[in-house]
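In what follows, a structure is listed as structure tokens, so that the remarks can point back to it.
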Amino acid sequence: MQHRGPEATGIATQSADGGLEMRRGLGMVRDVYSEADMNRLAGTLAIGHNRYSTSGSKKSHPQPVVDEHIGFAFGHNGNLPVTHYLRTFLEKHNIIASRLNDSEMMGQAIAQYLRSGHDLPDAVELAYPLFRGAFSCVGMHDGVVVAFRDPKGIRPLALGEIADEAGGRIGMAAASETCGLDTIGARYTREVEPGEMVIITRDGVESRRISDGEDKLDMFEMVYFARRDSMLYGMPVDAFRRRCGQQLAKFHEEHLGDISDALVIPIPDTSAPAAEGFAKALGLEYAQAIVKNPYTGRTFLNPSDKARMQQLRRKHNAVPGLMKGRHIIYVDDSYVRGKTTPRLHALAVAEGAESVTFLMASPPVRFPDFYGIDTPSQDELPAANLTVEQMRRRISEDQAKECRYLGFLPLSLMVAASDLPASKFNLAPFNGEYPIGIGNRKSEIRTPVSMEYAE
């Protein structure tokens, strides 16, 4: 599941005799594991992690977190904006927390209870109240694997069965998205529920309720983060994004003027379903006229602004001849840092486009996501500091031809595309309403210049 984390990767396995093997390294999966590594990592239990950093240094803290002395491994997807409970607990047990990020502190807290003689499920349950934020986690110790989520279910966590040819269950798997199960031939069964821990042993699967739960899946999973071939809330992500494109067409058609000869172009890859839905709704031609370099990764996940800009220059190229003399309508899934739009506007103008419009299949991102999406400061979010009109002008401010139009999908219409109530989602990046307390981070939040499209 490389799309969820390009910075580091790791796998820990446990063999039948209880021994632990591990390989972790900075970089992508294809660069870290050799054939010898994979042969050495054979085992009956395993957990893995691809790192997308939201806490701690970008060049350290690879997971899984491992304590080899007790044979324990732990992986965490999410982010804890409040860590002082964890720090206090660890310091009480003479564990230095100053060099640990939130994930490592979680692992150390569970490990402390294991060292005290508790089994893995009890250790997780005892440490659970210390975890204040968003977390979907897996852990492995002494022949047991656990998978558990925070009480709001901010980040997804899917369960699946591995069957033999006769259909009998021979294994279980958990993954941050259903596409991860598909890849290994596991059949998706259900989501781990908010506040639930699933315990997997040789004897079967047990569910334990640790906390009362409430569904608050991060809407940005639906909009951007999840792969389009995954299922969330029982619906295909691809279908949701297509419906967002249809809603986008319905809302903006009257503002676009004469677009009968317009060419709709997705900003690949996550926006393709929305662009297809938009084009079909208005009867417009659709073309993948922008080619994405498959070796650059996802620039939104890139750890530094300088690296992100260098990668953007390599990331997109235009198919010659498709844009010449046409009204171009770019459709993207979201507008976060606003780094991609000027480059794509310049590409269209250089290709001879008659005009350039940008439409986003979600509302503007105006607030940081403290739950595991790397938008940590409103200073990095143009929509927090500019009106939509100012953002439109900024797209082409240093270019010969002006951006014709910039539009977004209103919050209510994005939610409507899910066929679920707004109460089922964390919408904090769009409206600033945080379902899990963010502690002292509240002091970092300011009122945006504009709240257009947040209705």
Side-chain angles (χ1 to χ4, degrees), residues 1 4 47 49 52 54-55 74-83 85-86 102-103 106-107 109-110 120-139 145-160 172-181 188-200 205-223 225-226 230-235 237 240 369-373 415 418-431 433-439:
M1 300 182 67
R4 297 192 72 89
I47 64 172
H49 186 273
Y52 160 52
T54 56
S55 177
F74 170 78
H76 166 221
N77 175 28
N79 191 63
L80 304 188
V82 178
T83 58
Y85 297 100
L86 264 173
D102 56 344
S103 304
M106 293 173 76
I110 297 171
L120 179 57
D122 287 349
V124 169
E125 187 166 5
L126 288 166
Y128 193 93
L130 302 171
F131 306 156
R132 305 296 179 93
F135 50 91
S136 285
C137 302
V138 290
V145 168
V146 296
F148 60 95
R149 288 175 84 187
D150 66 71
K152 301 294 185 182
I154 301 289
R155 305 258 77 84
L157 189 57
L159 282 177
M172 291 292 297
S176 290
E177 290 178 33
T178 60
C179 67
L181 301 174
Y188 168 67
T189 55
R190 66 177 181 89
E191 294 291 315
V192 177
E193 296 178 3
E196 180 191 18
M197 173 169 55
V198 172
I199 304 161
I200 304 169
V205 182
E206 174 190 341
S207 172
R208 184 183 297 186
R209 173 62 61 181
I210 303 179
S211 168
D212 292 337
E214 179 186 17
D215 287 314
K216 288 285 185 181
L217 180 70
D218 195 328
M219 179 59 90
F220 216 67
E221 292 276 355
M222 304 284 291
V223 168
F225 215 60
S230 284
M231 302 275 289
L232 292 171
Y233 276 148
M235 77 181 81
V237 171
F240 165 79
D369 186 316
F370 295 107
Y371 302 141
I373 303 291
V415 172
S418 73
D419 290 329
L420 292 169
S423 60
K424 287 284 190 180
F425 296 100
N426 164 42
L427 301 171
F430 308 109
N431 63 11
E433 297 175 8
Y434 294 94
I436 296 176
I438 58 174

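All residue numbers refer to positions in the sequence shown, counting from 1.
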Which atom pair, heavy atoms only, marks the closest approach of [X] to [Y]?
X	Y	value
L86	L130	CG-O, 3.7 Å
G75	I47	N-CD1, 4.0 Å
D150	K152	OD1-N, 2.7 Å
L80	D102	N-OD2, 2.9 Å
L157	S136	CB-OG, 3.9 Å
V192	R149	O-NH1, 2.6 Å

Any residue meeting side chain to side chain contact (heavy atoms under 4.5 Å, CB included) with [X], in chain and number order, not counting sequence neighbours:
X	answer
P435	I154, K216, Y371, N426
D419	R243
M231	T178, P236
A175	M1, L181

How many angstroms lie between [atom1] in [X] and [atom2] in [Y], if you round to the nearest 0.5 Å?
X	Y	atom1	atom2	value
L232	M219	CG	CE	10.5 Å
S230	M222	OG	CE	10.5 Å
M235	F240	CE	CZ	7.5 Å
E196	E191	CD	CD	10.5 Å
L420	D215	CG	CG	9.0 Å
S103	F131	OG	CZ	10.0 Å

* For the pair S176 and R155, evaluate side chain to side chain contact (heavy atoms under 4.5 Å, CB included) and give the outcome as yes or no after the intermediate values. => CA-CA 8 Å; S176 290; R155 305 258 77 84; over 6 Å; no
* **Basic-acidic side-chain contact under 4.0 Å: D122, R208** => yes
* F425 vs S418 side-chain heavy atoms within contact, under 4.5 Å -> yes
* Asked: Quick one: are L120 and I110 in side-chain contact, heavy atoms under 4.5 Å?
  -> yes
* Asked: Y128: what forms a ring pair (Phe, Tyr, Trp, His ring centres under 6.0 Å) with it, not counting sequence neighbours?
  -> F135
* To do: Could you go through the ring pair (Phe, Tyr, Trp, His ring centres under 6.0 Å) check for Y52 and F225 one step at a time?
  => CA-CA 11 Å; Y52 160 52; F225 215 60; 5.2 Å; yes
* salt bridge (Lys or Arg N to Asp or Glu O under 4.0 Å) with R209: which residues, sequence neighbours excluded? -> E193
* To do: Give me the ring orientation class for F430 and F220: parallel if the planes are under 30° apart, tilted from 30 to 60°, perpendicular past 60°.
  => tilted
